[in-house]
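Please read the structure below before turning to the comments.
Ligands are counted one by one from 1 in listed order, and the atoms in each one are counted from 1 as well. Small disclaimer: the values here were computed from a predicted structure and weren't measured. Each residue takes its place number in the sequence, starting with 1.
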Amino acid sequence: MTSLVSQDRDWDAVERALDAQGHAVLPGVLTPAQCETLAALYSRADGFRSRIVMARHGFGRGEYKYFAYPLPPLLERLRHALYPRLAPIANRWQAQLGLATRYPDGLDAFLRRCHQAGQTRPTPLILRYGEGDYNCLHQDLYGEHVFPLQVAMLLSEPGRDFTGGEFVMTERSTQGQRADVVPLRQGDAVVFTVNERPASGRRGIRRLAMRHGVSRVLSGQRHTVGLIFHDAS
Ligand SMILES: O=C(O)CCC(=O)C(=O)O
Ligand SMILES: [Fe+2]
């Protein structure tokens, strides 16, 4: 199994970062060799359910492909290994936000819920950005059922494979809007808020609306894999 699920990762620190910023970096989830193997999948014709050219939809510039089921085994394992770490945090956030939905302990039970509601299409995806490409700020909502956290993994090495192309998160509350740039190296993953997150302040819990995107790639090529836990209608 990958280092991701090993006991030595500090999941309490991940939870604290998610509570403080709405995102947390997991360093070295993938080895460089795993990154190269995954990035090489992009140019293959098989294994995908669709390809999206972002400019055609006003999503930015660049392209991505949604994997078909069965997912590549490494991504299937990671999606299943990450979900149970994140479900307790998601459930606490739901309670803090005053929302009724709770998430089961395991991914299979959650996916059954999605599939029964007609959200049957797999959402894990691989993205490819070249010079001048970017990803507009967005939220990955694909139907009624939404798991509140998702993961993106950087397959390319900043400075060597590309420049620019930073992962950006914005946060909007009644007090204004702010942005964070999340520093990632090849093989790192970022866990982040899909939609809204709670933040405790002096007057109780505030609701923060989060979006994510990618700044313009200035040179080279940047690949990422996104792991979204809900499936799409
Ligand atoms: O390319 C990235 O870093 C972000 C990709 C993305 O929007 C996602 O994984 O949901
Ligand atoms: Fe996204």
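- Applying the side-chain hydrogen bond (donor to acceptor under 3.5 Å, both in side chains) test to Arg211 and every residue at least two apart in sequence or in another chain returns nothing.
- For Tyr83 and Phe147, the ring centers are positioned less than 6.0 Å apart.
- A centroid separation of less than 6.0 Å is found between the aromatic rings of Phe167 and Phe192.
- In this structure, Arg61 is not positioned above the aromatic face of Tyr134 in the sense of NZ or CZ being under 6.0 Å from the six-membered ring centre and within 45° of the axis.
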Tabulating one pair per line, provide the atom names and distances (0.1 Å) for every N/O atom of ligand 1 that is less than 3.5 Å from a protein N/O atom.
{"residue": "ligand 1", "atom": "1 (O)", "partner": "Tyr129", "partner atom": "OH", "Å": "2.6"}
{"residue": "ligand 1", "atom": "1 (O)", "partner": "Arg222", "partner atom": "NH1", "Å": "2.8"}
{"residue": "ligand 1", "atom": "1 (O)", "partner": "Thr224", "partner atom": "OG1", "Å": "2.8"}
{"residue": "ligand 1", "atom": "3 (O)", "partner": "Arg222", "partner atom": "NH1", "Å": "3.3"}
{"residue": "ligand 1", "atom": "3 (O)", "partner": "Arg222", "partner atom": "NH2", "Å": "2.8"}
{"residue": "ligand 1", "atom": "7 (O)", "partner": "Asn135", "partner atom": "ND2", "Å": "3.3"}
{"residue": "ligand 1", "atom": "7 (O)", "partner": "His138", "partner atom": "NE2", "Å": "3.2"}
{"residue": "ligand 1", "atom": "7 (O)", "partner": "His212", "partner atom": "NE2", "Å": "3.2"}
{"residue": "ligand 1", "atom": "10 (O)", "partner": "Asp140", "partner atom": "OD2", "Å": "2.8"}
{"residue": "ligand 1", "atom": "10 (O)", "partner": "Gln150", "partner atom": "NE2", "Å": "3.0"}
{"residue": "ligand 1", "atom": "10 (O)", "partner": "His212", "partner atom": "NE2", "Å": "3.2"}

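- Asp231 and Tyr142 share no side-chain donor-acceptor pair at under 3.5 Å.
- For the Fe ion (ligand 2), the nearby protein N/O/S atoms, meaning those under 2.8 Å, are His138 NE2, Asp140 OD2, His212 NE2.
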Exercise for the section: Could you walk me through whether His212 and Asp140 pass the side-chain hydrogen bond (donor to acceptor under 3.5 Å, both in side chains) test, one step at a time? Expected result: CA-CA 9 Å; His212 65 278; Asp140 292 303; 3.0 Å; yes
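- Formation of a donor-acceptor pair under 3.5 Å by the Gln150 side chain with backbone atoms of Thr193 is not found in this model.
- Residue pairs meeting the salt bridge (charged side-chain N to carboxylate O under 4.0 Å, His left out) criterion with at least one partner in residues 16-30, sequence neighbours excluded, are Asp19-Arg92.
- Atom CZ of Arg160 has more than 12 heavy atoms from other residues, nucleotides or ligands within 6.0 Å.
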